[in-house]
**Q** 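Before anything else, here's the structure in question.
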There are 4 protein chains.
Amino acid sequence: MSQVADSKGSRAETASAKRQRLMISAAQVVHQQGVERTTIADIARAADVPVGNVYYYYKTKDDLVAAALTEHARQLGLLTDRLDQLPDPRERLKGLVAAWVSQGDLAAQYGCPTGTLAAELDKRAEGGLDVAAGKVIRLLLDWVERQFRDLGQPDPDGLALTLVGAYQGMSLLTNALRDPTVMTREGDRLIAWLDSLPAR
Amino acid sequence: MSQVADSKGSRAETASAKRQRLMISAAQVVHQQGVERTTIADIARAADVPVGNVYYYYKTKDDLVAAALTEHARQLGLLTDRLDQLPDPRERLKGLVAAWVSQGDLAAQYGCPTGTLAAELDKRAEGGLDVAAGKVIRLLLDWVERQFRDLGQPDPDGLALTLVGAYQGMSLLTNALRDPTVMTREGDRLIAWLDSLPAR
Amino acid sequence: MSQVADSKGSRAETASAKRQRLMISAAQVVHQQGVERTTIADIARAADVPVGNVYYYYKTKDDLVAAALTEHARQLGLLTDRLDQLPDPRERLKGLVAAWVSQGDLAAQYGCPTGTLAAELDKRAEGGLDVAAGKVIRLLLDWVERQFRDLGQPDPDGLALTLVGAYQGMSLLTNALRDPTVMTREGDRLIAWLDSLPAR
Amino acid sequence: MSQVADSKGSRAETASAKRQRLMISAAQVVHQQGVERTTIADIARAADVPVGNVYYYYKTKDDLVAAALTEHARQLGLLTDRLDQLPDPRERLKGLVAAWVSQGDLAAQYGCPTGTLAAELDKRAEGGLDVAAGKVIRLLLDWVERQFRDLGQPDPDGLALTLVGAYQGMSLLTNALRDPTVMTREGDRLIAWLDSLPAR
DNA sequence: CATGAATGAGAGTTCATTCAT
DNA sequence: GATGAATGAACTCTCATTCAT
């Protein structure tokens with residue numbers, strides 16, 4: 001089986017490889033430049049794919065943006081999978097906050113990838129991309145809510161909103177103020193808050 | 001006296017009136033559509049000004065965006081001036097939250113005007129508009145910090161970040177999830193939090 | 001009569017003063033920037049006349065360019081009048097060359113005012129300004145030809161072409177090469193040439 | 001062989017062919033209309049290329065002007081290469097003058113392509129196109145200087161300035177006066193002058 | 001499948017000219 | 001006459017999308 005794959009892959013690369021490279025590049029470039037300021041050519045260049053070839057994998061620019069959202073969801077899944085290894089839900093949530101803060105460099109410069117994308121996509125009615133962005137955020141909310149529920153907290157739904165909202169807010173402020181310490185200060189506060197919650 | 005004013009105003013309007021109309025329209029349209037998806041023609045139409053004439057008042061599109069920021073700062077100033085009438089700083093802060101929630105309709109649809117603008121402008125280095133957006137947010141932060149200080153709270157700076165961050169976060173989530181109740185639920189939580197703070 | 005003029009001029013300036021200022025400014029600014037890159041606003045600013053007021057004196061931009069040509073003709077007249085004081089036609093011609101070279105600073109930076117203007121206006125068929133530019137150059141040619149005739153030279157017409165052509169050529173080269181010494185070197189050569197011509 | 005070429009060329013043409021067509025058209029149209037009065041659409045039409053496609057080959061209008069300069073330099077090179085076949089440097093110079101005069105039709109209507117271009121570009125500081133124009137003129141000067149040196153003349157540099165300056169001057173006068181005979185008359189004079197120079 | 005090239009619909013901006021007081 | 005403001009046509013440039021090989 002691998003022989004067949006190799007025989008194909010030795011010269012031409014698999015189609016899915018290009019698709020994936022485009023998806024990852026779309027996620028990165030759109031995160032840094034925003035949807036409107038990103039051209040197809042930007043993404044093509046970042047993915048090292050000829051411009052004319054992009055359309056083979058993604059019919060429209062919106063398809064590429066949707067792919068960027070999918071990629072963000074995938075990366076979120078990787079993170080939560082890793083955190084799910086931890087036995088204690090409180091530790092999982094603290095791990096999430098720690099991850100946010102540690103990613104600080106990029107997030108401090110360009111904000112939360114999903115959040116800024118959602119904010120930009122919300123400003124357009126057509127295409128339904130706004131809804132897609134909401135779904136990714138919902139994934140995060142659901143996971144967080146599950147942890148609060150496991151912790152035995154009342155109103156896990158509301159707590160999830162609070163925690164994720166705090167993350168979005170501190171990301172935005174870090175950016176707007178161009179002050180990375182906002183991220184760490186608010187991160188510490190969230191950790192302390194999580195610690196202060198009674199068990200069960 | 002007003003007759004004289006009217007007789008003048010019936011045909012021609014003061015130059016600053018048009019400037020102001022453009023500024024307000026810029027603030028509104030940019031809030032709803034975002035900077036990149038807003039054309040000069042959009043703003044001109046909203047202000048009922050011929051496209052070519054816009055440039056008499058604002059040399060570039062960026063100038064118009066800066067004007068939109070100024071307008072948001074002005075509206076923030078109106079709000080805080082009104083709240084400053086209240087004797088108790090805690091009531092002022094609760095009034096702020098109430099204002100946020102009550103504005104819900106618009107904010108729920110398009111997010112916090114300054115916050116979403118800041119997020120979009122952060123993605124471009126040139127022009128310094130990103131810094132300008134930060135300054136408007138700083139105005140809000142400073143006012144909030146002052147209230148916490150008047151309340152005798154320790155770390156008023158940090159508390160301001162938390163409150164404003166929560167506002168930005170809940171605005172974004174309200175939008176992304178297309179769920180206006182997020183705004184009210186989080187608003188209630190913030191009110192309760194403010195009430196729970198010890199005096200002095 | 002002068003009283004009336006004064007009574008008018010004491011507060012408001014005479015209309016012709018503004019006209020003249022516009023004419024002079026047009027000549028200067030057009031010399032430096034070229035016709036196409038000069039806006040009415042540029043000339044108005046240089047003449048310290050409100051933009052809207054320019055059209056009182058000059059109905060179109062072309063009228064202003066025509067005025068610039070007239071101004072150049074006037075300045076040429078001043079020069080030749082001065083040179084006409086000299087008794088010897090050879091000295092008059094040498095004085096002309098000396099004047100060209102001494103004006104070097106400006107001409108080296110922007111070329112011969114009339115020549116560059118003629119070159120630019122030649123590229124458009126409409127308006128007849130090209131012909132007007134030719135007439136100014138013809139004024140110079142005629143004066144030079146008269147000197148050669150007074151000198152008793154055969155073919156004074158051809159000699160005039162040669163001398164004026166040399167001036168235009170050296171102005172252009174000085175500019176194109178950004179080398180002011182071209183002007184002085186060629187000027188010296190022309191002086192020597194004039195000296196070498198036999199009298200009568 | 002040509003059949004194969006034709007079968008390829010019948011539909012698609014080589015990319016460089018379009019580039020070249022644009023370059024040649026730019027040179028022609030700019031020569032006739034001047035830089036400022038030439039629009040990208042003018043050049044596109046002359047080259048039979050859709051407007052939007054021009055930018056695939058030349059990023060800006062200035063790039064197109066630069067290409068026009070290059071084209072003029074190329075045509076100058078073709079001319080001097082041809083003249084270089086002649087054994088006698090004096091004949092080469094006379095051939096150059098003859099070429100100038102014979103081109104008279106076009107040059108009489110629009111002036112020396114490089115000279116008028118240089119004059120127009122000199123009026124703008126930005127972009128460095130002015131310097132580029134100077135370089136093309138320098139090419140001509142250098143070639144002429146070489147001929148004078150081969151002729152054993154003292155000060156070949158100065159003689160080159162004189163000859164090329166005379167060419168620029170007579171081109172300009174021919175235009176300004178709308179009198180093609182200026183070209184021929186001055187051309188004859190230059191030929192006579194070259195003949196009068198002592199050998200060695 | 002791959003790819004350079006093509007296309008055309010706007011977008012921002014400038015500016016000569018005109019208007020209204 | 002004087003003046004700030006108004007107007008609209010034109011221009012340069014961008015870019016998502018499609019085409020032809």
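Each chain gets a letter, A, B and so on, in the order the sequences are listed, and its residues count up from 1.
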**Q** Using whole Å, report how far CZ of C:Arg37 lies from C1' of E:dT14.
**A** 12 Å
**Q** Listed by chain and number, what are the side chain to side chain contact (heavy atoms under 4.5 Å, CB included) partners of A:Ala46, not counting sequence neighbours?
**A** A:Ser25, A:Val29
**Q** How long is the line joining OH of C:Tyr58 and P of E:dA16, in whole Å?
**A** 17 Å
**Q** Whole angstrom is fine here: how far is it from CZ in B:Arg19 over to C1' in F:dA6?
**A** 16 Å
**Q** Mind checking what makes side chain to side chain contact (heavy atoms under 4.5 Å, CB included) contact with A:Ala132, not counting sequence neighbours?
**A** A:Leu69
**Q** Spell out, as yes or no, whether a donor-acceptor pair under 3.5 Å connects the side chain of A:Glu120 to the backbone of A:Val35.
**A** yes
**Q** For a quick test of your reading: what N or O donor-acceptor pairs under 3.5 Å do the side chains of residues 49-56 of chain A make, sequence neighbours left out?
**A**
none

**Q** Expressed as a whole number of angstroms, how long is the span from C:Ile43:CD1 to E:dC15:P?
**A** 12 Å
**Q** How many whole angstroms separate atom CD of B:Gln33 from atom C1' of E:dA11?
**A** 14 Å
**Q** Starting at the 5' end of DNA chain E, what dot-bracket string do you get if Watson-Crick and G-U pairs under 3.5 Å are bracketed, crossing pairs use [ ], other-strand pairs use | and unpaired bases use dots?
**A** .||||||||||||||||||||
**Q** Which residues pass the salt bridge (charged side-chain N to carboxylate O under 4.0 Å, His left out) test with B:Arg37, sequence neighbours left out?
**A** A:Glu36, A:Glu126
**Q** Rounded off to whole Å, could you give me the CD-to-P distance for the B:Glu126 and E:dG12 pair?
**A** 15 Å
**Q** Give every residue pair that meets the salt bridge (charged side-chain N to carboxylate O under 4.0 Å, His left out) criterion with at least one member in residues 51-70 of chain C, sequence neighbours excluded.
**A** C:Asp62-C:Arg124
**Q** Taking protein heavy atoms under 4.0 Å as touching, what does nucleotides 7-13 of chain F look like 5' to 3' if B marks base contact, S marks sugar-phosphate-only contact and - marks none?
**A** BB--SSB
**Q** Can you name the side chain to side chain contact (heavy atoms under 4.5 Å, CB included) partners of D:Thr116, sequence neighbours left out?
**A** C:Lys123, D:His31
**Q** By side chain to side chain contact (heavy atoms under 4.5 Å, CB included), which residues pair with A:Gln32, not counting sequence neighbours?
**A** A:Tyr110
